[in-house]
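All ligand and atom numbering here is 1-based and tracks the order in the structure. The first residue of the sequence shown is numbered 1, and numbering continues consecutively from there.
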Amino acid sequence: MSAKVLVVGGAGYIGSVTSAVLVGEGFDVVTFDDLSTGHAAAAAGTLVVGDIRDRALLTTVLREGNFDAVMHFAAKSLVGESVAHPLRYYDVNVGGTASLICAMQEAKVQCLVFSSTCAIYGNPHYLPLDEHHPQHPVSPYGDSKKMVEKMLEACRAKEDLRVTTLRYFNAAGCMPDGSLGESHKTETHLIPLAIAAALGRRPPLSLFGTDYDTRDGTCIRDYIHVLDLADAHVKALNRLLAGDPGDSYNVGTGVGTTVREVLAAIGRALGQDVPHEVAERRAGDPPALFAAAEKIKRELEWSPQWTDINSIVETAARWTQNPRF
Ligand code: UDP
């Protein structure tokens, strides 16, 4: 019998791609989303529209649906907004997750895969970043995710929760067949902004800082394809369903790519340069971030399939040229 999974935040970018992969692997998927940033057309299975802070609704959905597990993608995730409006971030990300775990407990659902972030580490003391790196997040967004991780660890120890947290590096790319991708009302991420600039749908990209101590002066990040992220979720879920208590893992390629290298790859994918203007450094951007992902490779037998930035941005370009929503 296939396992039944409630995908919370499943109408968003990473949640919808993971849901599609789950369905492809034979899981029974129901989506729960408030559609504040997600899209109904992206959701797999039945869509329940609701807020994660609505514990009564979550409890009813979980009880009546007889679920085996929850995947939790629902969060506010704009770093700048979190600095301006921190309470929203603690309310939705921390309070909402507490509400979800209470509902899971009431409905006797024990397995949870949680979307975390490399932003919990803050400015790197060393690279690549492994899971033991000290956690000093520099934004309320990163801090809210760190708080949730602590809460989940405590619940793993004392509340019969089996939980794995996946610390994403820079999620990128779209479904290679163009069926699902990234469409945000407020877009802050490099790849979609740069593609839209190249297509003439947005002003020239502001390149934030060219005087970093890196190989070409621009920031280095670890771009991980959304399908590789989805695969990490499925592997983490299968382990929990088999009875494992769960753990925390970095999910990145281990390869660092500069902003200029990303722009060059987009230029090749589209056959036209990305118009850009050099701008001041963006507050809070560390010069370089990339993952040590040995732990997830070793323990969950995961490894990234999309390690070439050219093929990652090609999938993103395909979506952005012709988005479904
Ligand atoms: N970046 C940029 N211009 C933009 C958006 C991002 O130069 O309009 C740079 C940013 O400074 C960082 C990298 O691109 O070095 C990736 O930023 P993004 O916001 O995509 O992800 P983050 O690393 O902040 O999670």
Show, in sequence, the C-alpha distance, side-chain angles and deciding distance for S183 and H39, and conclude whether the side chain to side chain donor-acceptor pair (under 3.5 Å) test is met. CA-CA 9 Å; S183 289; H39 306 270; 4.9 Å; no
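- At a threshold of 4.0 Å, the pair E299-R239 does not count as salt-bridged, since none of the basic side-chain nitrogens sits closer than that to a carboxylate oxygen.
- Aromatic ring pairs are classed by plane angle as parallel below 30°, tilted from 30° to 60° and perpendicular above 60°; the pair Y121 and F169 is tilted.
- Between the CG atom in L241 and the CD atom in Q110 there is a gap of 10.5 Å [rounded to 0.5 Å].
- For the side chain to side chain contact (heavy atoms under 4.5 Å, CB included) with S115, the lone residue among K145, M71, R167 that qualifies is K145.
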Pairwise, report which nitrogen or oxygen atoms of ligand 1 are under 3.5 angstrom from protein nitrogen or oxygen atoms, and how far apart they are.
{"from": "ligand 1", "atom 1": "3 (N)", "to": "S206", "atom 2": "O", "distance (Å)": "2.7"}
{"from": "ligand 1", "atom 1": "7 (O)", "to": "S206", "atom 2": "O", "distance (Å)": "3.4"}
{"from": "ligand 1", "atom 1": "7 (O)", "to": "F208", "atom 2": "N", "distance (Å)": "2.9"}
{"from": "ligand 1", "atom 1": "11 (O)", "to": "D285", "atom 2": "OD2", "distance (Å)": "2.6"}
{"from": "ligand 1", "atom 1": "17 (O)", "to": "R282", "atom 2": "NH2", "distance (Å)": "3.4"}
{"from": "ligand 1", "atom 1": "19 (O)", "to": "T188", "atom 2": "O", "distance (Å)": "3.4"}
{"from": "ligand 1", "atom 1": "19 (O)", "to": "R282", "atom 2": "NH1", "distance (Å)": "3.3"}
{"from": "ligand 1", "atom 1": "19 (O)", "to": "R282", "atom 2": "NH2", "distance (Å)": "3.0"}
{"from": "ligand 1", "atom 1": "20 (O)", "to": "L190", "atom 2": "N", "distance (Å)": "2.8"}
{"from": "ligand 1", "atom 1": "21 (O)", "to": "N170", "atom 2": "ND2", "distance (Å)": "3.1"}
{"from": "ligand 1", "atom 1": "23 (O)", "to": "N170", "atom 2": "ND2", "distance (Å)": "3.0"}
{"from": "ligand 1", "atom 1": "23 (O)", "to": "R221", "atom 2": "NE", "distance (Å)": "2.8"}
{"from": "ligand 1", "atom 1": "24 (O)", "to": "R282", "atom 2": "NH2", "distance (Å)": "2.8"}

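- Ring geometry for H133 versus H125: interplanar angle over 60°, hence perpendicular rather than tilted (30 to 60°).
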